[in-house]
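Quantities reported herein were computed from a predicted structural model and do not represent experimental measurements. Letters A, B, ... are given to chains in the order of the sequence lines, protein chains preceding strands, and every chain is numbered from 1.
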Amino acid sequence: MSADDASDDPAESSPADSPHILSEESALDEGEATDDRAGETFHAFWADVVADEIVAREPDEPVVIKGGVSPSGVAHLGNFNEIMRGYFVAEALRDRGHEVRQVFTSDDRDPLRKVPRKLANADGEVVGLGEVDAGVLGRNLGVPYTSIPDPFGESESYAAHFAGLLKADADRLNVPVEMLSNTELYADGDFDEAVRTVLADADCVREVLSEYQDKVDDEYVPFNPVCEACGKVTETVTTVDLDAETVDYVCTDMDAGGNTIEGCGHEGSATFREGKLPWRLEWPAQWDVLGVDFEPFGKDHAEGSWPSGVDIARNVFGEEPPVPMVYEWFTLDGEAFSSSEGNVVTVQELLGLLEPKVLRYFFALHPKKARDLSIERLDQLVDRFDRFERAYFGEVDDPDLTAFAERAYPFVVGRPDDPPTERPVRLPYTFAAVLGMVDDPDFRERLARDEGHIPDDADADAVDAALARVEQARNWAERTGNEYDYRLQPDLPEIEFDDDIAAGLDDLADFVAAGHDGEAIQAEMYETARAHDIEVSDFFAAGYRLFFDDTQGPRLGEFLGELERDYVVDRLRREA
RNA sequence: GGGCCGGUAGCUCAGUUAGGGAGAGCGUCCGGCUUUUAACCGGACGGUCGGGGGUUCGAAUCCCUCCCGGCCCGCCA
C-alpha cells in the first residue's frame, strides 16, 4: 500500500484538496501565512475567488477550463451549470489579462445504459419516445453514444445530436465553448499515453483505486474495449500487450444499474484507441491530456470521483489535479430536475420566457447555494435581475448588491471591456405580461409610456428593446396560465347581459365615444354602475367578459383608454 | 451508520471572507391615486438567523453538539 504511506486513511484527503473552495475560509488559510492573507482582497464576485486560486498556481497559458457530461436524453438547465460557471471564471481571468480556453467534453464513448424516457429534439422541445425511433435506442444498450444513430434521424449519431443541443444553447447564451468528443479524443490517439500509463502500471492503479472501489481486485483491468463484433463496451480484458498497444478481451455481460446488458461472447483484440478508460481514470486522464487548470462539477462528484481523481492524478499520472469547484444543484419549481418525470426545462425554452442576460445572471449567483428556478415565479428572477442592473448604475441603496453588480454586471451582459454607460429601459416583467394581453405594438408602447415605464427621451432602439420583453412575459403567462393569462378578444364573445348591465354598457359606450382618457373611463365605470344600480363588481365582470371573455383582468379603464376607440365603443355596444 | 455541503421573513434571496445596527424585493394587510378589480405610490405587519451550549464586552458570522434536507460512502457517469 504505497498510497497510504503518508496518512493513516488514504481515503481521507487532506483539507487542501477539498473541492469546496467557495465554502472555506481559504485553502491558504493555515498557519502563520499572514503575509499571504494580507495580499488577498475581498471579492464580491465568487468567480474572482476561483480566479485567485487558479492564478496562484501560475498555470501555463492558455488557462484551460473544462466541463463535461455524458450524453443523456435532454440537455436541461442543470447541464449548463458547468458551462456557465466555467464561463464566468474564464471571463474573470480574461479580464485580468489571461488567455483562456474553455472546453466541454461530451463523454460520448460512454455506453448507453438505459433507454431515456424523454428526449429533446433539435428545437429544444422535450418529447417522449413515441415521437422518435425508440428501437434504435433499445437495440443499442451498452453501445457508445457515438455509435448509436440519432433517434431523430438528423445528426450522425445520438451523441452528435446531444452535443449539438449543448452547443446551440451555449451559442444562444453567447458563451464561447469548445465542444470536444471523447470518442474522437480516443480515436485520434490523444488518450494513447494515458491508456499506456494506466495499463503499464496496472498494479499501482489497482492499489490506488481499490481504496475507493470495492470491485477493484487483482483481476481488474482498467480499460474497457469496444467489442468489434457487437459494438458494446466490454469489461473483461484477458491480456494486455503494451508493445503492440492492444488488449485481448471477451465480450461478457455487463451490469447496468441492476439490469444486465448481455455480451455477445466474442473474443477479440482491441487497440488503445478502440475502448475507453473507466470514469474514475478517464476524468484525471482528461485533465492530463487537455492540461486542465480548472473544473467545476456538481456536488455528486465531490465525495466520490473527486478524491479518487486527485489520488489518481498524482499517483498514476504524476500531475496536479485542477482547481476544483463544487456547485449545488438547481431545482425546478422546487423539485429535482428529472427528464423521466418531465420536470425539465431547456435553455431554449427559457429563452422564450426571458432575456439571455437574465439567464446569465441566474448563473452568476453564488454556486454554493441550492437554487430553485421557479417558472411560476419567473417574475421574481427578472425583478432581481432588474434590481441588480439598477444597482450597477448606482440606483439601489444596497452596498453589498452594488459591489456584486459593479463587478459581475459587465460579465453578465457580455461586455467586460465595454460596459454599458446608460441603464437600459426595462419594463417590469409583470407589467410586460399585462401588455402581452394585446397584440397591437402601438398599444403596448402607448400604455407603457402612459404608465411611466418609458422615458420621453428614450430612443427607438431602447423602446424596441424594452418591448421585446412583452412577448416573453406573454409566453410566460400562457405557459403558466397565471393571473396575467388574458387575451384581448378580437371577436365579440357570445354573452347575454341583463337589461341594467346592457344599459350601463351603452352609457359607457357613449362616454368613451365622446372621447375620454383611461383614467376618466375607469372613474365613469363606477359612476355608471351606480347610476344603473348595478354591483360594481358585476359591471366590471361584464367588461372583462366583453373584452377578455373572462371574469377578471387588468385595470380596465386604463386599458380601454389605450385601445382603438371605435373598437371599444362597438364592443361595449355588443356590435362587434 | 460515516463524510461533505446547505438551513436567514409566507416566497425568492442578500448579509458569514474580516464578530458590532437582522436586511431587500415580492406576497399579505392597511392606505393613496376623485372611484373594491391583480400594472403605479406610501405605510404597516412579518424572523428564537434550524435547536441547544460555549468563546466574547458583543455571535446569523467563531467553536462544540443535536435536528432537518441534498449529495456521496455499491456499480456507472
Chemist: Looking at C76(B), C4(B), C26(B), which one has an atom nearest to any side-chain atom of Arg113(A)?
Modeler: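 Closest of the options to the side chain of Arg113(A): C76(B).
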Chemist: Expressed in whole Å, how much space separates the C1' atoms belonging to C45(B) and U61(B)?
Modeler: 28 Å
Chemist: Nearest to the side chain of Ser305(A), heavy atoms from C-beta on, is which of C11(B), A24(B), A77(B)?
Modeler: A77(B)
Chemist: Between Gln213(A) and C75(B), is there a side-chain N or O to OP1/OP2 distance below 4.0 Å?
Modeler: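 Yes, within the criterion.
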Chemist: So what's G46(B) paired with, Watson-Crick or G-U wobble, going by both distances under 3.5 Å?
Modeler: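 Its partner: none found.
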Chemist: Considering only atom C1', compute the distance from U34(B) to G46(B) and round it to an integer number of Å.
Modeler: 33 Å
Chemist: Can any side-chain N or O of Gln489(A) pair as donor or acceptor with the backbone N or O of Arg487(A) at less than 3.5 Å?
Modeler: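 Flag set: sc Gln489(A) to bb Arg487(A) pair under 3.5 Å.
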Chemist: What integer distance in Å separates Phe297(A):CZ from C72(B):P?
Modeler: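 Distance, rounded to whole Å: 14 Å.
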Chemist: Please pick, from C75(B), A77(B), G7(B), the nucleotide with the shortest atom-to-atom distance to any side-chain atom of Asp110(A).
Modeler: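 For Asp110(A), the side-chain atoms sit closest to A77(B).
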Chemist: Less than 6.0 angstrom separating the ring centers of Phe559(A) and Phe548(A), yes or no?
Modeler: yes
Chemist: Is any side-chain N or O of Arg280(A) closer than 4.0 Å to OP1 or OP2 of C72(B)?
Modeler: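 So the side chain of Arg280(A) is outside the cut-off, no N or O lying under 4.0 Å from OP1 or OP2 of C72(B).
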Chemist: Looking at every strand, decide which applies to Asp214(A) at a 4.0 Å heavy-atom threshold: base, sugar-phosphate, or nothing.
Modeler: sugar-phosphate
Chemist: Measuring from the side chain of Glu519(A) (C-beta onward, heavy atoms only), which nucleotide among C75(B), U35(B), G6(B) has the closest atom?
Modeler: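 Nearest listed nucleotide: U35(B).
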Chemist: Classify the nucleic acid contact of Phe404(A) as base, sugar-phosphate or nothing, counting any heavy atom under 4.0 Å across all strands shown.
Modeler: nothing
Chemist: Partner lookup for G1(B), please. Criteria are Watson-Crick or G-U wobble with both distances under 3.5 angstrom; report none if nothing qualifies.
Modeler: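 G1(B) is paired with C73(B).
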Chemist: Identify whether any heavy atom of Asp398(A) sits under 4.0 Å from a base atom; if not, whether one sits that close to sugar-phosphate; answer base, sugar-phosphate or nothing.
Modeler: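 Since no nucleic acid heavy atom lies under 4.0 Å of Asp398(A), the category is nothing.
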Chemist: Taking atom CZ of Arg117(A) as the centre, report whether more than 12 heavy atoms of other residues, nucleotides or ligands fall under 6.0 Å from it.
Modeler: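 No, the 6.0 Å shell around CZ holds no more than 12 heavy atoms from other groups.
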Chemist: Looking only at side-chain N and O atoms, does Gln522(A) come under 4.0 Å of OP1 or OP2 in C33(B)?
Modeler: no
Chemist: With a 6.0 Å cut-off on ring centres, are Trp306(A) and Trp279(A) close enough?
Modeler: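 Judged by ring-centre distance (under 6.0 Å), Trp306(A) and Trp279(A) do not meet the cut-off.
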Chemist: Counting only Watson-Crick pairs (N1-N3 plus N6-O4 or O6-N4) and G-U wobbles (N1-O2, O6-N3), all under 3.5 Å, who is the partner of C40(B)?
Modeler: G32(B)
Chemist: Expressed as a whole number of Å, how far does the C1' atom of G47(B) sit from that of A24(B)?
Modeler: 14 Å
Chemist: Could you measure between the two C1' atoms, the one in C76(B) and the one in C66(B), and give it in whole Å?
Modeler: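 Pairwise C1' distance, C76(B) against C66(B), rounds to 35 Å.
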Chemist: Considering only side-chain heavy atoms of Glu303(A), which listed nucleotide, C72(B), A77(B), A38(B), is closest?
Modeler: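 Of the candidates, C72(B) comes closest.
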Chemist: What integer distance in Å separates Glu328(A):CD from G69(B):P?
Modeler: 15 Å
Chemist: Output the rounded distance in Å from CG (Leu112(A)) to P (C75(B)).
Modeler: 21 Å
Chemist: Below 4.0 angstrom from OP1 or OP2 of A14(B), is there any side-chain N or O of Lys369(A)?
Modeler: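 For A14(B), OP1 or OP2 has a side-chain N or O of Lys369(A) closer than 4.0 Å.
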Chemist: Is Lys276(A) touching bases, backbone alone, or none of the nucleic acid, heavy atoms closer than 4.0 Å?
Modeler: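 Sugar-phosphate, backbone atoms only, no base.
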Chemist: Let's see if you can work this out: which of U34(B), C71(B), A39(B) has an atom nearest to the side-chain heavy atoms of Arg555(A)?
Modeler: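 Of the options given, the side chain of Arg555(A) lies nearest A39(B).
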Chemist: Could you state the CG-C1' distance from Asp217(A) to C75(B), rounded to the nearest angstrom?
Modeler: 14 Å
Chemist: Contact class for Gly553(A) (heavy atom, under 4.0 Å): base, sugar-phosphate, or nothing?
Modeler: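 Base, at least one base heavy atom under 4.0 Å.
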Chemist: Mapping Ala541(A) and Leu381(A) onto RNA chain B by nearest heavy atom, which one lands closer to the 5' end?
Modeler: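 Result of the comparison: Leu381(A).
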Chemist: Quick one: which of U35(B), A39(B), G74(B) gets closest to the side chain of Ala523(A)?
Modeler: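 Of all the options, the side chain of Ala523(A) is nearest to U35(B).
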Chemist: Could you tell me the separation between the NZ atom of Lys114(A) and the C1' atom of A77(B), rounded to a whole number of Å?
Modeler: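 Answer to the nearest Å: 12 Å.
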Chemist: Counting any heavy atom closer than 4.0 Å, what does Trp283(A) reach on the DNA or RNA strands: base, sugar-phosphate only, or nothing?
Modeler: nothing
Chemist: Rounded to the Å, how far apart are His366(A) NE2 and U12(B) P?
Modeler: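 To the nearest whole Å, that distance equals 19 Å.
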Chemist: Please state the P separation for the pair G31(B) and C67(B) - nearest whole angstrom.
Modeler: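 Result for the P pair: 48 Å, nearest Å.
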Chemist: If the P atom of G2(B) is compared with that of A44(B), how far apart are they to the nearest Å?
Modeler: 48 Å
Chemist: Step through the shown structure and confirm whether more than 12 heavy atoms of other residues, nucleotides or ligands are within 6.0 Å of CD on Glu483(A).
Modeler: yes
Chemist: Quick one: are the ring centres of Phe363(A) and Phe88(A) less than 6.0 Å apart?
Modeler: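 So the answer is no for these two rings.
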Chemist: Just how far, in rounded Å, is P of C40(B) from CZ of Phe559(A)?
Modeler: 14 Å
Chemist: Which one, C76(B), G15(B), A39(B), comes nearest to the side chain of Leu447(A)?
Modeler: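 Out of C76(B), G15(B), A39(B), the nucleotide with an atom closest to Leu447(A)'s side chain is A39(B).
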Chemist: With rounding to the closest Å, how many angstrom separate the C1' atoms on G51(B) and G7(B)?
Modeler: 12 Å
Chemist: Using atom P of each nucleotide, how far apart are C5(B) and C41(B) to the nearest Å?
Modeler: 43 Å
Chemist: With sugar-phosphate meaning primed atoms plus P, OP1 and OP2, does Lys299(A) contact a base, only sugar-phosphate, or nothing at under 4.0 Å between heavy atoms?
Modeler: base
Chemist: Check the side chains of Glu328(A) and Asn81(A) for a donor-acceptor pair under 3.5 angstrom, ignoring hydrogens and angles.
Modeler: no
Chemist: C62(B) pairs with which nucleotide, Watson-Crick or G-U wobble, both distances below 3.5 Å?
Modeler: G54(B)
Chemist: Rounded to the nearest angstrom, tell me the gap between atom CG in Asp379(A) and atom P in C13(B).
Modeler: 13 Å
Chemist: What is the base-pairing partner of U16(B), counting Watson-Crick and G-U wobble geometry with both distances under 3.5 Å?
Modeler: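 For U16(B), the partner nucleotide comes out as none, under the 3.5 Å rule.
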Chemist: From the set C72(B), C5(B), G25(B), return the single nucleotide nearest to any side-chain atom of Arg387(A).
Modeler: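 The nucleotide sitting nearest to the side chain is G25(B).
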Chemist: When all nucleic acid strands are considered with a 4.0 Å heavy-atom cut-off, which category describes Asp397(A): base, sugar-phosphate, or nothing?
Modeler: nothing
Chemist: Checking side-chain polar atoms at under 3.5 Å, does Tyr484(A) have a donor or acceptor matched by the opposite partner on Glu478(A)?
Modeler: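 There is no such pair (donor and acceptor under 3.5 Å, judged by atom type) between the side chains of Tyr484(A) and Glu478(A).
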Chemist: Considering only side-chain heavy atoms of Phe431(A), which listed nucleotide, A24(B), A39(B), C13(B), is closest?
Modeler: A39(B)
Chemist: Less than 6.0 Å separating the ring centroids of Phe404(A) and Trp46(A)?
Modeler: no
Chemist: Base, sugar-phosphate alone, or nothing: which one does Tyr486(A) contact when heavy atoms must sit under 4.0 Å apart?
Modeler: base
Chemist: Could you check Leu401(A) against Pro278(A) and say which one's nearest nucleotide on RNA chain B is further toward the 5' end?
Modeler: Leu401(A)
